[in-house]
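Here the structure is laid out as structure tokens; the discussion comes afterwards.
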Amino acid sequence: VWMVLLYHKRHELNPQVSSADDKLALYIRDNNASLDYLKFLFADYKCSKWWFEIADMYRRIVFIGVVPLVSPKSTVRASVGCILAIGSVAYFREFSPYKHKFANNISHLAQYLILVTFYFALSLTTDSVVNIGLQGPILGVFLFLVNLSIVIFAIWFAWSSHQSHLKEQSDLEWKATQYEDARGFSKGKFETTLEAVWLHSVPSSDALVFHYTSFELAKSARKSGIPTNKKFNGVVFTLRQPYSTTKSDAEVFLAQTPNGSDDEIKFPNESVLVLSLPKQFLDPLPGYESDPNLCMVSAEVLHALRPHSFIAVVDHKPWLDGVALLPPHNILRNFYLMDSEMARDATKSLDNQVMDIKLDKLKTVTPLTSVTDYIFDMERIRKQCLDMGLVPLYHYTSPDVASLILNSGLRMSTQGQG
């Protein structure tokens, strides 16, 4: 009955986008109210494995109800159990039906434990365990520990996965908050900075492009990506860097439509996003074909390049809502150009945090007593820097020179490099 109901809904359980975008397919399936009455049968599985719960029910029935009735001889029953257990190991390994990697690993390990149990059942019936000294209470304790191992493994793996996820999320959120205050940059400073970016971060197949926007939308772009401009049906860019923009750039970038909104929001160009994009993805901007410095990445290209997962995105919601976005990993730098109320609040908050640091602790050099203490202190320093939006830097020197630096500061090198 359950299989018939699931089969009837198979197209909704496995949306067509699933072959290209697993996470979007899960989002569509899990938010389909018409499937709620069947959710207990498929909620834990991948979209393509909507049938797995029914197949697994029959697998369990075979182990529990068929194996004990296969033969009156215990040796035959144990042998059949071993064969079926080996099949289960391959079955779970090849299909990996669960949507979470953790569940797949645990289920795979559980099949090995079933195999071990049947193997020792076979060994008991043939008295082969006597030869290795496992019999009576010793064998019982051994099997108990083997089965207990899956609980210990599950707890350890869940904890390590959680810690890894927290670290990745923390790194992404930290990266998404980073911007450079360029209000005091001259034209020459921009040119030298962007030349260094070009030399070290842009491959020959890419172009260095600029996207002018507000401080608020630049912050959103770093978290989820750059949305398409509804007027041009794509993400607009210019090849002109700050201090080189023209009237055409102003016309294009002064009116933006964020995240598919119907209302056009006008704003000053408070920020500029610097990106590296493949040249083959850049098309002339409709209506500005005579200006080779204005270009765009069309919404069609963005949909075609849509990633399979959003692990490198802080804010997943626009992606799951189907908005066409340019992924944030294309953003190389974000320069803050002009004052705005939001930008002033952000920089004021950062300035206040920096001023709150107690400098009296920096008057003496702290001796290194142990590696453990050093790792603990550095972890604390990195966390404090992360909370403040700063990056820890290192300067290696001797203890005597370090004392001088604490009193008078770092000095220019004798060669004058900095």
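Below, each value reflects all heavy atoms present in this structure, side chains not excepted, and no hydrogens, waters or symmetry copies.
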Do any N or O atoms from the side chain of W319 and from the backbone of S224 form a donor-acceptor pair under 3.5 angstrom?
yes

Inspect the contact between R183 and D181 and indicate whether a charged nitrogen and a carboxylate oxygen are less than 4.0 angstrom apart.
yes

Relative to each other, are the rings of Y91 and F95 parallel, tilted or perpendicular (30° and 60° limits)?
perpendicular

Without swapping roles, check the side chain of K279 against the backbone of S204 for a donor-acceptor pair under 3.5 Å.
yes

Side-chain heavy atoms of I106 within contact of F153, under 4.5 Å
yes

Between E251 and Y288, do the side chains contain an N or O donor and an N or O acceptor separated by less than 3.5 Å?
yes

Begin with the C-alpha distance, continue with both residues' side-chain angles, and end with the deciding distance and a verdict on side chain to side chain contact (heavy atoms under 4.5 Å, CB included) for L282 and V297.
CA-CA 5 Å; L282 299 174; V297 177; 3.8 Å; yes

So which atom in W51 and which in M3 form the shortest heavy-atom distance, rounded to 0.1 Å?
CB-CE, 4.0 Å

Are the side chain of T192 and the backbone N or O of K189 linked by a donor-acceptor pair below 3.5 Å?
yes

Grab the two heavy atoms, one from N229 and one from V252, that are nearest each other, plus how far apart they are.
ND2-O, 4.4 Å

Non-neighbouring partners of D56 that pass side-chain hydrogen bond (donor to acceptor under 3.5 Å, both in side chains), sequence neighbours left out
R59, R60

For a side chain to side chain contact (heavy atoms under 4.5 Å, CB included) check, start with the C-alpha distance between V70 and V66, then their side-chain angles and the critical distance, and finish with the verdict.
CA-CA 6 Å; V70 166; V66 176; 4.3 Å; yes

Could you give the distance from CG (L35) to CG (L5), rounded to the nearest 0.5 Å?
11.5 Å

Hey, does L294 have a side-chain heavy atom less than 4.5 Å from the side chain of S248?
yes

For the atom pair NE2 (H8) and CG (L13), what is the distance rounded to the nearest 0.5 Å?
10.5 Å

So, does R77 use its side chain to make a donor-acceptor pair with the main chain of V67 at under 3.5 Å?
no

Given side chain to side chain contact (heavy atoms under 4.5 Å, CB included), test T193 with F190 step by step and report yes or no.
CA-CA 5 Å; T193 301; F190 263 118; 5.6 Å; no

Which atoms form the tightest heavy-atom contact between L208 and V274, and what is the distance?
CD1-CG1, 3.5 Å

For a 4.5 angstrom cut-off between non-hydrogen side-chain atoms, does N233 reach S298?
no

T246: partners by side-chain hydrogen bond (donor to acceptor under 3.5 Å, both in side chains), with sequence neighbours left out:
R240, D249

Report, as yes or no, whether the 6.0 Å neighbourhood of atom CZ on F144 holds more than 12 heavy atoms from other residues, nucleotides or ligands.
no

Backbone N/O of S160 and side chain of S164: donor-acceptor pair under 3.5 Å
no

Heavy-atom nearest pair, P328 first then R222, reads CB-O, 3.6 Å

In terms of heavy-atom contacts, does NZ of K39 have more than 12 from other residues, nucleotides or ligands at under 6.0 Å?
yes

Partners of D283 by salt bridge (Lys or Arg N to Asp or Glu O under 4.0 Å), sequence neighbours excluded?
none

If you take all heavy atoms of E216 and E270, which pair is closest and at what distance?
N-OE1, 4.5 Å

For a side-chain contact (heavy atoms from CB on, under 4.5 Å) with L122, tell me which candidate from T117, V80, V76, T75 qualifies.
T75

Side chains of V313 and P327: does their closest heavy-atom pair fall under 4.5 Å?
no

About how many Å separate OG of S205 and CG of L277, when rounded to the nearest 0.5 Å?
10.5 Å

Who are the side-chain contact (heavy atoms from CB on, under 4.5 Å) partners of T397, not counting sequence neighbours?
H395, V401, A402, I405

If you count the non-hydrogen atoms of other residues, nucleotides and ligands that lie under 6.0 Å from CZ in F102, is the total more than 12?
yes

For the residue pair S244 and K187, establish whether any side-chain heavy-atom pair is separated by less than 4.5 Å.
yes

Check: A90 main-chain N/O paired with R93 side-chain donor or acceptor under 3.5 Å:
no

Centroid separation under 6.0 Å, is that true for the rings of F52 and F92?
yes

Does atom OH (Y394) have a neighbourhood of more than 12 heavy atoms from anything else shown, all under 6.0 Å?
yes

Taking the side chain as every heavy atom from C-beta outward, state whether F118 and I83 have any atom pair closer than 4.5 Å.
no

Over 12 non-hydrogen atoms of neighbours within 6.0 angstrom of NZ in K49
yes

Around Y243, counting heavy atoms of other residues, nucleotides and ligands shown, do more than 12 lie under 6.0 Å from its OH?
yes

Minimum heavy-atom distance P203-S201, with the two atoms named:
CD-O, 3.7 Å

Distance check, rounded to the nearest 0.5 Å: S214 atom OG versus K219 atom NZ?
11.5 Å

If the test is side-chain contact (heavy atoms from CB on, under 4.5 Å), which one of N330, L325, L273, L217 qualifies with I226?
L273

Separation of Y45 OH from N104 CG (nearest 0.5 Å)
10.0 Å

Partners of E180 by side-chain hydrogen bond (donor to acceptor under 3.5 Å, both in side chains), sequence neighbours excluded?
R333

Test side chain to side chain contact (heavy atoms under 4.5 Å, CB included) on M57 and L41; report intermediate values, then the result.
CA-CA 11 Å; M57 287 181 186; L41 291 171; 4.1 Å; yes

Using the salt bridge (Lys or Arg N to Asp or Glu O under 4.0 Å) criterion, which residues pair with K101? Sequence neighbours excluded.
none

Would a 4.5 Å heavy-atom cut-off, applied to side chains only, mark W50 and R29 as touching?
no

How long is the gap from SG on C82 to CD1 on I114, to the nearest 0.5 Å?
11.5 Å

Are F253 and F210 close enough that some pair of their side-chain heavy atoms sits under 4.5 Å apart?
no

